[in-house]
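Take a look at the structure below.
Quick caveat, the model's predicted, so the values are computed rather than measured. First listed ligand is number 1; within each ligand, the first listed atom is number 1.
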Amino acid sequence: MTGPDERTPAAAPAGPTPAAATGPTTAPDGYGDGTRCVHAGLPAPEPGQPFLPGPVFAAPYHLGPAGPPPPGGNGYGRPDNPTRRLLEAAIGELEGGDCLAFASGQAAVTAALLSVLRAGDTVVLPADGYFEVRRFAASTLTALGVRVLHAPTVGPYPELSGVRLLLLETPANPGLDVCDVAGLARRAHAAGALVAVDNTTATPLGQRPLDLGADLVVASGTKALTGHSDLLLGYLATREPALLDAARAWRSGSGAVPGAFDAWLAHRSLATLDLRLARQSANAGAVAALLSGRPDVAAVRWPGLPGDPAYPVAAAQMRRIPGIVSFDLGSADRVARFLDRSRLVFAATSFGGLHTTADRRAQWGDDTPPGFVRLSCGVEDTADLVADLTAALETG
Ligand SMILES: *Cc1c(COP(=O)(O)O)cnc(C)c1O
């Protein structure tokens, strides 16, 4: 029964097996991760009813003759949907806070930014985090009179007095650097700033930012959280009623809600999160060991690899390490040859899905080197994946 709060920083293990990736899978709530995922957000059992009720499709609902429904009832689909509420209960249980689901991760991030920030405020964003957030800040936040600063995930962080919101992304996508959330939250709170953590890469089974002192969690549910590469989803979680109310009002005002079918699919997929992450993480450990042993592959990063710069903080802060490995093959040509030869790795963007995928990030115009690859390990058998990658890299 070891939760993140009780863990002491782990010393680097002697062997190549990463401690954090095989660490405890029991969360503070008492039950293990598998049990929590299977039961998250389910209604009380009722004879003749399914475990997870099917999606409810409605724009308006019947109203009683006396007018609008009470809070938590159903009046109109933008604020009210029972399928979405069950998904929010599930994610909220896993994150340890109240949750709001959004149409995409980007919608959740922008909801956090725009429901907190006002003209004259300062926000600090990760310099190496999800590029679309920086693009949105440059185009929209700046035009609204918000001052935007950037800090690399590993730091150094600027003086935080006068800052309204510090957004962290750990592990950062795509470079996989990590930061000490509890330490930064203490610094930010002492300076009067709020802290939001983008928990997309870790998922709530990897770390619970609200337990570490963050005020807000934002994330894309499109990636490992749902993991089937078949929907877009985002969410925000918090324990602060005022932040929740502001974000809910923003969501209703902007209309950035997920559809009922996507919410239902997401909830169905959540039940296997523990199983999927376990295999993805084990595959990433094997792939990172393979790649870091090859002289023809540079800059291999996986936070569970002893010796990785992110390892000490990840081992102390995270309950499991994500299935993403990044590395540099030196040129766009070599990445193309690698993808052409591999029989198991799909060329695709996004990450966290059942299928192993590789994304040469520079093709999207972000600021990574031309041969930089973000490999997202799926749930294939480890031996098959290692053999396939070995063969695909063999002839350069
Ligand atoms: C993908 C991603 C987002 C955006 O999520 P969408 O669901 O694609 O809108 C935000 N943050 C991180 C870290 C991501 O990887």
Side-chain angles (χ1 to χ4, degrees), residues 84 87 91 95 99-114 123 125-137 140-141 150-153 165-179 181 195-204 206-207 209 214 216-237 247 250-251 254-259 262-263 265-266 269-270 277 280 301 303 310 318 321-326 348-353 357-359 361 364-368 372-377:
R84 196 171 73 214
L87 173 67
I91 300 173
E95 286 286 3
C99 171
L100 293 171
F102 285 83
S104 68
Q106 193 60 18
V109 175
T110 55
L113 296 171
L114 291 170
V123 64
L125 301 179
D128 48 348
Y130 189 61
F131 74 108
E132 197 67 47
V133 174
R134 293 198 298 282
R135 191 141 74 189
F136 171 78
T140 305
L141 291 182
H150 297 95
T153 295
L165 179 68
L166 170 65
L167 175 67
L168 305 173
E169 190 181 307
T170 179
N173 168 25
L176 302 177
D177 275 326
V178 306
C179 62
V181 174
V195 176
V197 176
D198 186 323
N199 210 24
T200 302
T201 306
T203 83
Q207 67 196 5
L216 286 162
V217 171
V218 291
S220 170
T222 310
K223 319 288 173 55
L225 185 81
T226 60
H228 287 64
S229 308
D230 55 7
L231 59 88
L232 290 172
L233 183 82
Y235 70 90
L236 175 154
W250 170 262
R251 186 181 66 176
S254 64
V257 291
D262 285 357
L265 266 183
S269 301
L270 209 54
L277 290 182
Q280 288 172 337
R301 291 296 309 269
M318 300 186 72
I321 303 298
I324 300 157
V325 180
S326 67
T349 192
S350 195
F351 57 89
T357 58
D359 192 12
R361 288 300 307 163
W364 305 102
D366 76 5
D367 48 9
T368 53
F372 175 93
V373 175
R374 183 184 63 205
L375 185 83
S376 174
C377 295

Between atom CZ of Phe131 and atom CG of Asp367, what is the distance when rounded to the nearest 0.5 Å?
-> 10.0 Å

Between Val133 and ligand 1, which residue portion shows a heavy-atom distance shorter than 4.0 Å: side chain, backbone, both, or neither?
-> neither

Could you say whether the N/O atoms of Glu169 and ligand 1 ever approach to under 3.5 Å?
-> no

For Gln106, the ligand 1 atoms with a heavy-atom partner under 4.0 Å come out as 4 (C), 5 (O), 6 (P), 9 (O)

Under 4.0 angstrom from ligand 1, any heavy atom of Thr201?
-> no

Taking atom types as modelled, is there a side-chain donor on Thr153 or Asp128 under 3.5 Å from an acceptor on the other?
-> yes

Distance from atom 11 (N) of ligand 1 to nearest protein heavy atom, with residue and atom = Asp198 OD2, 2.7 Å

Return the residue, atom name and 0.1 Å-rounded distance of the protein heavy atom closest to atom 1 (C) of ligand 1.
-> Lys223 NZ, 1.5 Å

Is there side-chain contact between Leu216 and Leu236, with heavy atoms separated by less than 4.5 Å?
-> yes

Ligand 1 atoms nearer than 4.0 angstrom to some heavy atom of Phe351 are 15 (O)

Between Glu132 and ligand 1, find which residue part has any heavy-atom pair under 4.0 Å and reply side chain, backbone, both or neither.
-> neither

Interatomic spacing from CG in Leu375 to OG in Ser326 - rounded to 0.5 Å = 9.5 Å

Does the side chain of Phe136 come within less than 4.5 Å of Leu113's, by heavy atoms?
-> yes

Residue pair Asp359 / Ser350, side-chain heavy-atom distance below 4.5 Å = no

Could you check Arg374 against Thr357 for side-chain hydrogen bond (donor to acceptor under 3.5 Å, both in side chains), going step by step and ending with a plain yes or no?
-> CA-CA 8 Å; Arg374 183 184 63 205; Thr357 58; over 6 Å; no

Does some side-chain heavy atom of Arg301 sit less than 4.5 Å from a side-chain heavy atom of Asp177?
-> yes

Which atoms of ligand 1 have any heavy atom of Leu233 under 4.0 Å away?
-> 7 (O)

How close does the nearest protein non-hydrogen atom get to atom 4 (C) of ligand 1, and which residue and atom is it?
-> Tyr130 CE2, 3.4 Å

Quick one: nearest non-hydrogen protein atom to atom 6 (P) of ligand 1, plus distance?
-> Gly105 N, 3.3 Å

